[in-house]
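Residue indices begin at 1 and follow the sequence shown.
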Amino acid sequence: METQKIKVLLIHPEENRSIYDFKGIIENEPLDHEYVSAVLDRNIYEIAYWDGKIEDVSCKSRIEEFKPDVAFIAGRDFQEEFLLEYADTIKEYNPEAITILGGIHAQLCFKRLYKPSVDFVLRSFDSFKVPLIIEAVRNKDDKAIEELHDISYQKNGEWFENEVEAFDIKRLPRPDRSYFYEKADHYNYLEMKHAAWVRTAYCCPYRCKFCMRNKMNLGVYSARDIDDVVDEIAEIQTENIYIVDDDFLFNEERLDRFINLIEERQIKKKYICYGRSDFIASHEELMKRLADIGFYYILVGLETIREGNMEEYNKKNSIENNIKSIEICNKYGLEMMGMFILDLDFEKKDFKNLYKWIKEHKLKHVAVSIYTPEMGMETSDQYKDRMITDNPGHYDYMHLVCKPDVLSVSAYYRAYYTLLVKLLLKAQKDGIYDFLDYGFYVRSFIANLLGKKR
C-alpha cells in the first residue's frame, strides 16, 4: 500500500488590501517558497502554493481544498497581519497542522510572530530546516527540535529560541520553478513580463543606517560562485531575469566574469538588478558592457539630494556620484530607477526641490519612499517616542509611522501626494508605463491630497 504523502502548502502573502497594492505592476516570484519546495522530497511530500497577489481563490479556499498537514508562510514586515491571519486559518481548519513562518521579517522581528497559531519561526535563509522540522514533529522527537539551529518553537504555550547561524548561500539548491512557469504571465517587473527572480548573494556588504538588508543573515555577506549563477540563468525558461541581490554591482572581478560567461555562452536575456551610484560612477566601461549583454533596469538608491542626509544615513556616497551615475545610465540606454527617501524633516520646499532635481537631471524612472524606521533595528528604538501607528501594514514606505519634524502629518501627506501626482504626470508625458492606468492613480492621489482617508 502506498504511504500517504505529507501535504505542504506554501503561502506567499498578498502585500496589502488597499487600492494601492499596484497589482499587476510589479509581481514578485515566490523565491523563498521555491527553495523550500526544492528541498522537499516528492516521494514524501505533496506541494501546493497559494500566492495572494495572483490567485483568484482565497487562502481559506485553498486550505479547504488542499487540506495541508504543514504550512510554510513567509513575507515582509508590512505583511505581518496576513502571515498571522493565515496561520490562524490553518489552525482553525486543522489544529494538528504544523505552521512555520519564515522570510526576512522572521529574521529581525521573530518575537512579533510568537502567537498561539504559530508553531515554528525559521530565523535564517536555511530552507533545509523545513523538512527537518516536519520530520522531528511527526516523529515526536523533542530532542531534535531542541538541537535544531535557526528556529524558535512553541511548546506548551512557551516559546524557545535556538541558536542562529549565518547561512552559506552556496548550499542552496536550484529553486523549484514549477509554480512560476505555471503562472508566469502574472510575474513581472513593470513592462518586463515573466520576470524570474535570481539570487546570487545574501545580505548587503554596505551598512546604510536606514536599511534592514545589511542585518539579514546575521550581517554576513555570502555570495554564490558566478559560474553557478550563469548556469542557473541559462536554464531558466524565460527571457527576463530579476537579480534580487541587495547589491549586485559590488565586485568588479565577479561582474567581469559574469559578463564574459554570458557573452561566451551567447545567453540572450534582459536583466534587472540593484546597484549603487558610486559603483556606476566609477565603472563606466563596465556599465557599458552590462548594457551590451542585456541589462535594462538598474535600481539605484540615490536616497537624497542633500549631502547632510548622505552622512546621516551612513550612505558613504555623494550627490556628485548620483548625478554622474544618471548620466552614465542615460548614455548607454540603462533605465535607472532612482529611489529616494522622503525624510521626516522635509519641508514643502524639499518636496518641490526633489521634483525639480529629478527633472533637471533627466531621471526618467523614480520611486519615492517615506522614511520608515525599520522594525527590529536601532532606528526603531531611536524613533519610538515619535511613533504614530502600531499597524505593521503601514510599514510599506507609503505611510508615515513617525511624526514629522517640521510639517504636520496632514501637511506632510499633502506634500507627498502632490509629489506623486507630479511624478505620475511626468511619467505619462515621458511616454513610459503604457500599461499603467494613469487616470486611476492620479485621481486617487488627488483624492488623498484633498483629505480622503489613507
Side-chain angles (χ1 to χ4, degrees), residues 28-36 38-39 74-79 101-110 121-130 149-152 161-175 197-226 228-229 232 241-255 257-258 271-280 298-301 303 313-317 339 341 369 372-380 395 397:
N28 299 325
E29 180 181 1
L31 192 60
D32 287 343
H33 305 73
E34 292 172 342
Y35 280 127
V36 170
V39 301
R76 296 283 306 279
D77 47 2
F78 56 84
Q79 298 168 308
L101 269 57
I104 62 175
H105 187 44
Q107 290 197 31
L108 290 187
C109 302
F110 48 91
V121 178
L122 177 60
R123 292 157 47 206
S124 82
F125 290 116
D126 190 352
S127 53
F128 293 98
K129 292 296 191 301
V130 173
H149 287 176
D150 304 338
I151 67 167
S152 295
E161 298 171 1
N162 293 356
E163 182 182 355
V164 176
E165 299 176 326
F167 182 68
D168 181 359
I169 196 173
K170 295 185 182 70
R171 293 181 56 215
L172 280 179
R174 291 282 191 272
W197 274 33
V198 172
R199 181 169 286 284
T200 87
Y202 277 134
C203 193
C204 181
Y206 299 95
R207 291 295 181 262
C208 301
K209 186 178 179 181
F210 57 84
C211 185
M212 67 187 299
R213 296 291 180 168
N214 56 58
K215 304 292 185 182
M216 298 294 101
N217 205 38
L218 298 181
V220 177
Y221 178 73
S222 177
R224 292 167 58 190
D225 294 332
I226 208 66
D228 181 51
V229 172
E232 179 184 355
I241 303 296
Y242 187 170
I243 299 175
V244 294
D245 299 10
D246 305 313
D247 191 333
F248 183 61
L249 307 183
F250 173 58
N251 184 308
E252 183 177 356
E253 182 179 345
R254 187 169 184 258
L255 286 170
R257 175 68 176 166
F258 177 85
Y271 302 89
I272 310 157
C273 78
Y274 289 88
R276 282 174 57 105
S277 69
D278 51 357
F279 186 94
I280 296 170
I298 310 294
L299 316 183
V300 183
E303 319 305 0
Y313 297 158
N314 196 36
K315 187 70 181 182
K316 299 191 183 303
N317 204 347
M339 299 180 290
I341 295 171
S369 300
T372 303
E374 298 279 11
M375 294 181 186
M377 290 183 59
E378 297 85 351
T379 49
S380 183
Y395 282 75
Y397 314 108

For [X], enumerate each residue passing the ring pair (Phe, Tyr, Trp, His ring centres under 6.0 Å) test, keeping only those at least two apart in sequence or located in another chain.
X: Tyr35; answer: none
X: His105; answer: none
X: Phe248; answer: Phe258

Looking only at non-hydrogen atoms, find the nearest pair between [X] and [Y] and report the distance.
X: Asp247; Y: Gly275; value: OD1-CA, 3.6 Å
X: Met339; Y: Leu299; value: CE-C, 3.8 Å
X: Leu122; Y: Ala106; value: O-CB, 3.4 Å
X: Glu165; Y: Leu218; value: C-CD1, 3.7 Å
X: Val39; Y: Pro173; value: CG1-CG, 3.8 Å
X: Ala223; Y: Ile169; value: C-CG2, 3.4 Å

**Fill in**
With sequence neighbours left out, the residues meeting salt bridge (Lys or Arg N to Asp or Glu O under 4.0 Å) with Glu232 are Arg177, Arg224
**Asked** Can you name the residues that form a salt bridge (Lys or Arg N to Asp or Glu O under 4.0 Å) with Asp150, not counting sequence neighbours?
**Response** Lys129
Residues in side chain to side chain contact (heavy atoms under 4.5 Å, CB included) with [X], at least two apart?
X: Gln107; value: Phe125, Met216
X: Thr372; value: Tyr395, Tyr397, Val401
X: Glu252; value: His283, Leu286
X: Arg257; value: Ile226, Asp227, Leu261

**Prompt:** Does Asp278 use its side chain to pair, donor to acceptor, with the backbone of Asn317 at less than 3.5 Å?
**Reply:**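 No: the side chain of Asp278 does not pair with the backbone of Asn317.
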**Asked** Are Asp245 and Arg199 close enough that some pair of their side-chain heavy atoms sits under 4.5 Å apart?
**Response** yes
**Message:** Could you check whether any side-chain heavy atom of Met212 comes within less than 4.5 Å of a side-chain heavy atom of Cys109, counting everything from C-beta outward?
**Reply:** no
**Request:** Taking side-chain hydrogen bond (donor to acceptor under 3.5 Å, both in side chains) as the test, write out the residues that go with Tyr202, two or more places apart.
**Result:** none
**Asked** Sequence neighbours excluded, which residues qualify as side-chain hydrogen bond (donor to acceptor under 3.5 Å, both in side chains) partners of Glu34?
**Response**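 Per chain and number, Glu34 pairs via side-chain hydrogen bond (donor to acceptor under 3.5 Å, both in side chains) with no residue.
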**Message:** For residues 203-221, which residue pairs pass the side chain to side chain donor-acceptor pair (under 3.5 Å) check, not counting sequence neighbours?
**Reply:**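 Qualifying pairs: Lys215-Glu378.
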**Message:** Under the criterion side chain to side chain contact (heavy atoms under 4.5 Å, CB included), I'd like the reasoning laid out for Phe210 against Glu303: C-alpha separation, chi angles, the key distance, then a yes or no.
**Reply:** CA-CA 10 Å; Phe210 57 84; Glu303 319 305 0; 3.4 Å; yes
